Each structure stands twice: as C-alpha cells, then as structure tokens.
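Just so you know, ligand 1 is whichever comes first in the structure, and atom 1 is the first atom listed for that ligand. Please read these numbers as outputs of a predicted model, since none were measured by experiment.
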Amino acid sequence: MAGLRNLVTGGAGFVGSHLVDRLMEAGEEVICLDNYFTGRKANVSRWHGHPCFELIRHDVTEPIRLEVDRIWHLACPASPVHYQHNPIKTAKTSFLGTYNMLGMARRVGARLLLASTSEVYGDPEVHPQPESYRGSVNTIGVRSCYDEGKRIAETLCFDYNRMHGVDIRVVRIFNTYGPRMLPDDGRVVSNFIVQALRGEPLTLYGDGSQTRSFCYVDDLVSGIIKLMNGGHVGPLNIGNPCEFTIYQLAELIRRKINPSLEFVFKPLPSDDPLQRQPVIDAARSLLQWEPQIPLDQGLDATIKYFREVMIR
Ligand code: NAD
Ligand code: UDP
C-alpha cells in the first residue's frame, strides 16, 4: 500500500512510535501528531528530515484539518498513573479527541482506526473476554476517566459510521509492553524492570494474584496494521492470550535480572481489575493474526532496552 498518507495521533508515544516505524519502513507518508504529554520526540527522531515524515505538536482536543487517507488515532495516555494525573483532561482527550478526528475523517474521507482498550470490559465477570462481552465498568471510580472515555470513543466511531458513513476500525488493545515505555511510566512491566535494574524491591500491588496477559509491541502493531488494511470494522481484541499473575511476572523479571531482590506488597489500587485475558478467535480467523513473541522473549528485548537507556 505504498504512497498512503497516514496520520498517527499519539505517534511519539510508546505504541505510536513503533507504528510510525512500520509505516515509514513500508514507504508510506506519515504525519506524527502529539502533544508530548507521555510521548517523546526522541522516539521518532530517526525519521527527522525524511521527505515522507512530518512531526506536528498538537493537542487532539483542538480541531485540526489535514489531508490524509488514514488516521491511526492513538492519542491518549495509557498508564493509570498518567491518565489519573488529570482525569478531566483524559476524558476530554478521549471524547473531544476522537470527535475531532472523526470529524476530520468525515471531511477528508479518511479511514480512522481507534485504539480502544481491554479496559472497556472493566473488572470482568466473564473470563476470558470475548468482544461480545459488554463489560463491568465503574462509572465513577478513579479509572473511569479512561475506561468510560474509551467506551464513548467507541460509541462515537460507530455513530459516525452509521450517520455519516465514516470508514472505521476499532481495536481493543490488551496490556502491551516493549522498548520505549517510559522508565517512570508506572505500568507494571516497566516498573518491575526499572526497579530490578536499580536493585530496588519490586512493588506488588495487592497480593499479586491479579492476572494480566502481556503482548509484545511488535505483535500488537502487526495486528492493528492488519485490522486497518482489512475489511472488518471491529471491535476486535488484539492481545496475547497467555495469562500470568502479577506475582509470576515479578518472579520472572527478578530471575532474569537479580534473583536476590525482595518483593514489597502495596495496597491494590481502587477498581484494579482482578483478571484479564483476551479471546482472540476473531483476530485469528478474520486477520490470520496471532502473537508470535512469548513473554520470555519479549521481556529479554525490553530489559535490554532499559539497560541501554538507564546507563545513558
Ligand atoms: P503512551 O502514553 O506511550 O502514548 C500516548 C501518546 O499520546 C503519547 O505520545 C502522548 O503524548 C499522546 N497524547 C496524549 N494525550 C494527547 C492529546 N490530548 N493530544 C495529542 N497527543 C496526546 O501510551 P501507549 O501505550 O503508546 O498507548 C497508545 C494508545 O493505545 C492509547 O490510546 C492507549 O489508550 C491505547 N492502549 C494501549 C495499551 C497498552 O498496553 N500500551 C493498552 C490498551 C490501549
Ligand atoms: N502493578 C503492580 N506493581 C506495579 C505496577 C502495577 O503490582 O508497580 C499491578 C497493577 O495493580 C495491576 C497490574 O499490575 O494489577 C497491571 O497494572 P498496569 O498499570 O500495568 O496496567 P492495567 O492495570 O491498566 O492493566
């Protein structure tokens, strides 16, 4: 699909910058748009000066008009620490940001892919979670700005599709990790790796029995590219169905970095989902996609990255 004009919102962030790399490597044109709240120019600096690349500082809560074919709408902080920093801004980013991008998609005839989340399932009573599960979300808790923000963003996509024929794709991303997560990101994989590399105890929230299913970023990016290029609208789960307790994750990372480290147990944050695992049958059959990189291997690559950035 050479020559397509892509807009990646949140393109200087963790997932966005990997997506930018893949689109640029495929010879496409990329406009990377970001307000640098949790993104870094350094994540896309290798493309500075490339004739197919542009970087724009912009906040998606404000309208903008750009002539593009595809909008990959990722702009939104993803770590609970960051999205709870200013929850009203997070809700605005999800609602107004998606509204503005859909309005632009409508005007210029672009296809828009929304980066939604497994958080739309809340603290799920159905396990594992298929796309048909409608979720168990607290509307008034500390995670609601993000969870409900993504739910209304999905709603907007489908209403723009029904009312105005906007071509949409909705991906529900499950916990993803890899190089370019921020050392102070606050999410569990980066926290444990950074703590272990600093020789500090690993902080387990609750008793560590809650589960997550971790997808390596390269696998995720392959999945969302397939979704964008295919004919299925979604919502579609993209994630790695191998489920781990947080305790198991801590043990694995400790073993890889420094087996003598201690664990410290801290209170479980409010509304922290107790279990999470994607059903990916739809992605397997509709996109012929499934993750290729097991946690063990993905962690090695992520640890290598953090070792490098932390000694710089
Ligand atoms: P991230 O925080 O690294 O990236 C988000 C990017 O969006 C950052 O570059 C940030 O500066 C930018 N941004 C935030 N608010 C903005 C605004 N108002 N205007 C313009 N830019 C803004 O997070 P990520 O992990 O790369 O997540 C990317 C997307 O994927 C997010 O929409 C997130 O909700 C979704 N997602 C990620 C995960 C995951 O595990 N990584 C899981 C589920 C969903
Ligand atoms: N967690 C933890 N220690 C940390 C950071 C997170 O035990 O230092 C736990 C957190 O309580 C949650 C899980 O790890 O149960 C995943 O947290 P993360 O913030 O990575 O993502 P999310 O909760 O959004 O899935």
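Nearest to atom 6 (C) of ligand 1 by heavy-atom distance, out of Gly10, Gly39, Ala153, Cys215, is Gly10.
Among residue pairs with one or both ends in residues 218-227, those qualifying as side chain to side chain donor-acceptor pair (under 3.5 Å) are Arg22-Ser222; sequence neighbours excluded.
Membership of an apolar cluster is not assigned to Val264, as no side-chain contact below 4.5 Å to another ILVMFWY residue is traced. Taking a 4.5 Å side-chain heavy-atom cut-off between Ile, Leu, Val, Met, Phe, Trp and Tyr, the cluster of Phe174 extends to Val120, Tyr121, Val126, Tyr133.
You'll find the side chain of Val60 stays beyond 4.5 Å of the side chain of Asn35, heavy atoms only. Counting heavy atoms from C-beta outward, Leu204 and Tyr247 have side chains that approach closer than 4.5 Å.
In terms of modelled atom types and a separation under 3.5 Å, the side chain of Glu29 and the main chain of Leu4 share no donor-acceptor contact. Side-chain atoms of Ser144 come within 3.5 Å of backbone atoms of Asn138 as a donor-acceptor pair (strictly under, hydrogens ignored).
When hydrogens are left out, the protein atom nearest atom 12 (C) of ligand 1 is Asp34 OD1, 3.4 Å; that is the closest non-hydrogen contact. The nearest protein atom to atom 28 (C) of ligand 1, hydrogens excluded, is given as Leu74 O, 3.7 Å; this is a heavy-atom distance. For atom 13 (N) of ligand 1, the nearest non-hydrogen atom of the protein is Asn35 OD1, 3.3 Å. For atom 40 (O) of ligand 1, the closest heavy atom belonging to the protein is Thr176 N, 2.8 Å. Among all non-hydrogen protein atoms, the one lying nearest atom 18 (N) of ligand 1 is Asp59 OD1, 2.9 Å. The protein heavy-atom contact nearest to atom 2 (O) of ligand 1 is Thr38 OG1, 2.6 Å.
Considering backbone and side-chain atoms together, Ser116 places no N or O closer than 3.5 Å to any N or O of ligand 1. Close N/O approach between Pro77 and ligand 1 is not found [any backbone or side-chain N/O within under 3.5 Å]. Ligand 1 has an N or O atom lying under 3.5 Å from an N or O atom of Gly13, backbone or side chain.
Comment: Asp21 engages Arg46 in a salt bridge, judged by a side-chain N to carboxylate O separation of less than 4.0 angstrom. Using a 4.0 Å cut-off between a side-chain N of Lys or Arg and a carboxylate O of Asp or Glu, Arg172 and Glu154 qualify as a salt bridge.
The distance from atom CG of Leu66 to atom CD1 of Ile71, rounded to the nearest 0.5 Å, is 8.0 Å.
Heavy-atom distances between His58 and ligand 1 reach below 4.0 Å in at least one pair. The shortest separation from a heavy atom of Tyr177 to ligand 1 is not under 4.0 Å, leaving the residue out of contact. Ligand 1 has Ala12 within reach: a non-hydrogen atom of the residue lies less than 4.0 Å from it.
Contacts between Arg187 and ligand 1 below 4.0 angstrom, taking non-hydrogen atoms only, involve the side chain exclusively. The part of Tyr36 lying near ligand 1 is the backbone, judged by heavy-atom distances below 4.0 Å.
A distance limit of 4.0 angstrom between heavy atoms and ligand 2 selects the residues Pro80, Glu119, Arg143, Asn175, Gly186, Arg187, Val188, Asn191, Phe192, Thr203, Leu204, Tyr205, Gln210, Arg212, Ile246, Pro269, Asp272, Arg276.
The only option from Arg276, His127, Gln248 that meets the side chain to side chain donor-acceptor pair (under 3.5 Å) definition with Glu243 turns out to be His127.
A cation-pi arrangement is present between Arg254 and Phe263, with the terminal nitrogen or guanidinium carbon under 6.0 Å from the aromatic centre and inside a 45° cone about the axis.
Checking His73 against Thr9 by side-chain atom types alone, a donor-acceptor pair falls below 3.5 Å.
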